[in-house]
S.K.: 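Structure in structure tokens, see below.
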Amino acid sequence: MYKSKLYKKAPVLIQELLINIKALIYKALRENYLYKNRFKELLENAELSREELTALNKKLLTEQLDYSKKHCDFYQSINSSKIEDFPVILKDNIREMPSRFISNDKNIKYFFKSQTGGTTGKPLQLKANLMAIIEDHAQSARQITWTGLKPTDRKLWLRADLIVPLEQSNAPFWRRNIVDNMLMMSVYHINANTIAQYVDKINSYKPQLIQAYPSSICLLAHLIDASEHKIETPINAIILSSESFTKEETALIERVFNSKVYSWYGLSERVATVGTCRKGYQHLIEDYGYYEFDQNNQLLATGFHNKAMPLIRYNTGDEFIDIDLNYSPCLCGLPFKKVGGIKGRLGDYLVASNGNKVTIFNHIPKDVTGLIELQLEQTHKIKLIAKVVVGSNYNMTSKAQLIKNVKQYLGQDMEVEVITVERIPRTKSGKFRQVIYSVEP
């Protein structure tokens, strides 16, 4: 809708009308009586004992395995009902033969299409049934309750939607979604020249909750921090999703917005979710899926609720740390297992000049004054392009420090070209890629 000529040329009032019509349609689909019942069940699940949750998890897993063998061509030759007898599924398996994973269940009247963000350059084409969409919406709503808020509370939205045409250079850089009690802000117009307007609008709108891509709110936080402007309205919680983010970025966001950050992990493949409890710990959501970890601590996930395209033992490519495999009770009282976080996604790496893969990049921006955003692209085994968005206090010393940091971790013989840009492009789904490895094999 946002890319259509009708929307782009329409006045703001008509654009907001279109946004609210779309929101009404989505609300009718996702927040019907099925959603209300499921949301109530999820709240009750969070009160289960560990033994009760384990029994529920086992029951849902058995049902999904039996369903998949009955309705999906890929699984029909499997005679076992044990999860370990099912093969591990890779993204390439789905990409090469998607039809073999699609359900032939005649009771599914509508298939909803989606795709992965494609941060590794190869998006997957996926399908879901309505109940899978309702499940995701209800799970997200329960996460909001863990922040102490209600799903209906006033929200600020900072994600990938092209709600304001890129060609527009004048405020307002936001649109009001009355149906969802939400102010949707354009992430594509955030820069040093517009930061005052963004801050003023946030302060006047007074959101209780911010839902954002980490890269979007980090950019906003960096610009606010480098200006004389301040967030003065109290914000109860910030939920970040869809991208990885660091402890340093969390600290910056919490300091600038004077609010607590919560992480919500989910996948377009609809096989796993990880939520943050009120005490700040991350939990595997075990009424959503069954979770295993391989020898590299990469998550193998089996989703329970997508009957249109059930995926069993799907290798997410996401490596987790500090996994509570044996379960230890959390201070929050939830019955779900804890994890320390996500280390990184498969494919998000560069290669040092000595041939070693590097997957952690938090240290490279360290001590680089005036750096707002950074993207590293390796184009040759000893050449790297650093695209930077910078503030007014960025100078030649900053550039030298950045080059020094890159060489320190990727090799002293690495050639580094620093390019200053106004904005670093996002993927088609609006996600930020911290690194790109584009060396020809």
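Owing to the predicted nature of the structure, the values given are computational and were not obtained by experimental measurement. Below, all heavy atoms of this structure are taken into account, side chains as well, without hydrogens, waters or symmetry copies.
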S.K.: Between Asp294 (side chain only) and Asn296 (backbone N and O only), is there a donor and an acceptor less than 3.5 Å apart?
M.R.: yes
S.K.: For Ser103, check side-chain hydrogen bond (donor to acceptor under 3.5 Å, both in side chains) against everything at least two apart and list the hits.
M.R.: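 Here the qualifying residues are Tyr67.
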S.K.: Compute whether any side-chain donor of one residue and acceptor of the other, for Glu135 and Gln139, lie under 3.5 angstrom apart.
M.R.: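 Yes, Gln139 and Glu135 have a side-chain donor paired with an acceptor closer than 3.5 Å.
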S.K.: CG/Asn20 to CD/Gln15 distance, rounded to the nearest 0.5 angstrom?
M.R.: 12.0 Å
S.K.: Under 6.0 Å between ring centres, would you say that holds for Phe320 and Tyr291?
M.R.: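 No: the rings miss the under 6.0 Å criterion.
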S.K.: Using every non-hydrogen atom in the two residues, find where Ile436 and Leu350 come nearest and quote the distance to one decimal.
M.R.: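 It is O-CD2, 3.7 Å.
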S.K.: Could you check whether atom CG of Asn32 has more than 12 heavy atoms from other residues, nucleotides or ligands sitting under 6.0 Å from it?
M.R.: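 More than 12 within 6.0 Å, yes.
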S.K.: Closest approach of Ala221 and Phe257, non-hydrogen atoms and distance?
M.R.: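 Residues Ala221 and Phe257, closest heavy atoms: CB-CE1, 4.1 Å.
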S.K.: Where the side chain of His189 meets the backbone of Pro165, is there a donor-acceptor pair that is under 3.5 Å apart?
M.R.: yes
S.K.: What residues, two or more places apart in sequence or in another chain, satisfy side-chain hydrogen bond (donor to acceptor under 3.5 Å, both in side chains) together with Lys155?
M.R.: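 For Lys155 there are no side-chain hydrogen bond (donor to acceptor under 3.5 Å, both in side chains) partners, ignoring immediate neighbours.
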S.K.: Got Asp318 and Leu267 here, is their nearest side-chain heavy-atom distance under 4.5 Å?
M.R.: yes
S.K.: Would a distance-only check, ignoring hydrogens and angles, find a side-chain to backbone donor-acceptor pair under 3.5 Å from Arg154 to Tyr205?
M.R.: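 Answer holds: yes.
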S.K.: Working to the nearest 0.5 Å, report the span between NE2 of His222 and CD1 of Ile217.
M.R.: 11.5 Å
S.K.: Within this structure, what is the CD1-OH distance for the pair Ile312 and Tyr290, rounded to the nearest 0.5 Å?
M.R.: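 If we round to the nearest 0.5 Å, Ile312:CD1 and Tyr290:OH are 12.0 Å apart.
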S.K.: Side chain of Ser140, backbone of His137: donor and acceptor closer than 3.5 Å?
M.R.: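 Judged by distance alone, no pair lies under 3.5 Å.
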S.K.: So, does Gln168 use its side chain to make a donor-acceptor pair with the main chain of Phe173 at under 3.5 Å?
M.R.: no
S.K.: Would you check if the side chain of Lys230 reaches a backbone N or O of Val256 as a donor-acceptor pair within less than 3.5 Å?
M.R.: no
S.K.: Compare every heavy atom of Asn306 with every heavy atom of Gln64, then report the nearest pair and how far apart it is.
M.R.: NE2-O, 3.5 Å
S.K.: Would you list the pairs meeting salt bridge (charged side-chain N to carboxylate O under 4.0 Å, His left out) in which at least one residue belongs to residues 201-216, sequence neighbours left out?
M.R.: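 As it turns out, there is no salt bridge (charged side-chain N to carboxylate O under 4.0 Å, His left out) pair with a partner in residues 201-216 once direct neighbours are skipped.
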S.K.: State, yes or no, whether a side-chain contact exists between Met131 and His305 at a heavy-atom distance under 4.5 Å.
M.R.: no
S.K.: So do the side chains of Leu410 and Ser353 get within less than 4.5 Å of each other, counting heavy atoms only?
M.R.: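 No; the side chains remain at least 4.5 Å from each other.
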S.K.: Mind checking whether Lys150 and Gln208 have side chains closer than 4.5 Å, heavy atoms only?
M.R.: no
S.K.: Might you point out which heavy atoms bring Val179 and Ala23 nearest each other, and give the distance in Å?
M.R.: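 Nearest heavy atoms, Val179 then Ala23: CB-CB, 3.8 Å.
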S.K.: Can you list the residues that meet the side-chain hydrogen bond (donor to acceptor under 3.5 Å, both in side chains) rule with Arg30, with sequence neighbours excluded?
M.R.: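 Partners of Arg30 under the side-chain hydrogen bond (donor to acceptor under 3.5 Å, both in side chains) test: none.
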S.K.: Quick one: CD1 on Ile202 to CD1 on Ile224, what's the gap to the nearest 0.5 Å?
M.R.: 5.5 Å
S.K.: For Tyr281, what residues pass the ring pair (Phe, Tyr, Trp, His ring centres under 6.0 Å) criterion, not counting sequence neighbours?
M.R.: none
S.K.: Not counting sequence neighbours, list each pair that qualifies as a side-chain hydrogen bond (donor to acceptor under 3.5 Å, both in side chains) and has a residue in residues 390-403.
M.R.: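 Those involving residues 390-403 are Asn395-Ser398, Gln401-Asn405.
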S.K.: I'd like to know whether CZ of Phe111 has more than 12 heavy-atom contacts from other residues, nucleotides or ligands below 6.0 angstrom.
M.R.: yes
S.K.: Would Tyr7 and Ile163 count as a side-chain contact (heavy atoms from CB on, under 4.5 Å) if you check the C-alpha gap in whole Å, the side-chain angles of each, and the deciding distance to 0.1 Å?
M.R.: CA-CA 9 Å; Tyr7 183 87; Ile163 51 167; 4.0 Å; yes
S.K.: For the backbone of Glu232 and the side chain of Asn203, can you confirm whether one donor and one acceptor N or O come within less than 3.5 Å of each other?
M.R.: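 Answer holds: yes.
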S.K.: Mind running side-chain contact (heavy atoms from CB on, under 4.5 Å) on Ile285 and Arg142 for me, showing each step along the way?
M.R.: CA-CA 11 Å; Ile285 306 304; Arg142 182 174 65 178; 3.2 Å; yes
S.K.: Under the rule for salt bridge (Lys or Arg N to Asp or Glu O under 4.0 Å), what residues qualify as partners of Lys27, not counting sequence neighbours?
M.R.: Glu31
S.K.: Evaluate the salt bridge (Lys or Arg N to Asp or Glu O under 4.0 Å) criterion for residues Asp161 and Lys22: first the C-alpha distance (whole Å), next the side-chain angles of each, then the deciding distance (0.1 Å), finally the verdict.
M.R.: CA-CA 13 Å; Asp161 311 86; Lys22 180 181 178 181; 5.4 Å; no
S.K.: Taking only residues two or more places apart in sequence or in another chain, which ones pass salt bridge (Lys or Arg N to Asp or Glu O under 4.0 Å) with Arg176?
M.R.: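 Expected list: none.
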S.K.: State plainly whether the residues Asp367 and Lys404 are in salt-bridge range, i.e. N to O under 4.0 Å.
M.R.: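 A salt bridge is absent here (no side-chain N lies under 4.0 Å from a carboxylate O).
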S.K.: Looking only at heavy atoms, what is the nearest atom pair of Ala386 and Leu402, with distance?
M.R.: CB-CD2, 4.2 Å
S.K.: Quick check: closest heavy atoms across Glu373 and Ser215, and the distance to 0.1 Å?
M.R.: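 Of all heavy-atom pairs spanning Glu373 and Ser215, the closest is OE2-O, 3.7 Å.
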S.K.: Mark yes or no for whether Gln378, through its side chain, and Val439, through its backbone, hold a donor-acceptor pair below 3.5 Å.
M.R.: no
S.K.: Checking the side chain of Thr194 only, and the main-chain atoms of Gln197 only, is there a donor and an acceptor separated by less than 3.5 Å?
M.R.: no
S.K.: What's the verdict on side-chain contact (heavy atoms from CB on, under 4.5 Å) for Ser186 and Tyr198, showing C-alpha distance, side-chain angles and the deciding distance?
M.R.: CA-CA 10 Å; Ser186 170; Tyr198 275 84; 4.0 Å; yes
S.K.: About how many Å separate CE of Met182 and CZ of Arg175, when rounded to the nearest 0.5 Å?
M.R.: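 If I round to the nearest 0.5 Å, the distance is 15.5 Å.
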S.K.: Just by distance, do the side chain of Ser241 and the backbone of Ser263 share a donor-acceptor pair under 3.5 Å?
M.R.: no
S.K.: Side-chain atoms of residues 416-425: list all donor-acceptor pairs with protein atoms under 3.5 Å, sequence neighbours left out, distances to 0.1 Å.
M.R.:
none

S.K.: Applying salt bridge (Lys or Arg N to Asp or Glu O under 4.0 Å), can you list everything that pairs with Glu16, at least two apart in sequence or on another chain?
M.R.: none
S.K.: Indicate yes or no: at least one non-hydrogen side-chain atom of Val351 is less than 4.5 angstrom from one of Tyr437.
M.R.: yes
S.K.: So do the side chains of Cys332 and His283 get within less than 4.5 Å of each other, counting heavy atoms only?
M.R.: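 Yes, side chains in contact.
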S.K.: One pair to check against side-chain contact (heavy atoms from CB on, under 4.5 Å): Tyr26 and Asp180. What are the steps and the verdict?
M.R.: CA-CA 10 Å; Tyr26 275 51; Asp180 295 319; over 6 Å; no
S.K.: Is the shortest side-chain heavy-atom distance between Ile89 and Phe74 below 4.5 Å?
M.R.: yes
S.K.: Quick one: pull up CE in Met1 and CG in Leu6 and give me the separation to the nearest 0.5 Å.
M.R.: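 Met1 CE to Leu6 CG: 9.5 Å, rounded to 0.5 Å.
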S.K.: Any side-chain heavy atom of Leu334 sitting closer than 4.5 Å to one from Trp146?
M.R.: yes
S.K.: With sequence neighbours excluded, tell me which residues meet salt bridge (Lys or Arg N to Asp or Glu O under 4.0 Å) with Lys9.
M.R.: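 Residues passing salt bridge (Lys or Arg N to Asp or Glu O under 4.0 Å) with Lys9: none at all.
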S.K.: Provide the full list of salt bridge (charged side-chain N to carboxylate O under 4.0 Å, His left out) pairs with a residue in residues 250-277, sequence neighbours left out, each pair given once.
M.R.: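 Checked against salt bridge (charged side-chain N to carboxylate O under 4.0 Å, His left out) - neighbours excluded - the pairs reaching residues 250-277 are Asp136-Arg270, Asp225-Arg255.
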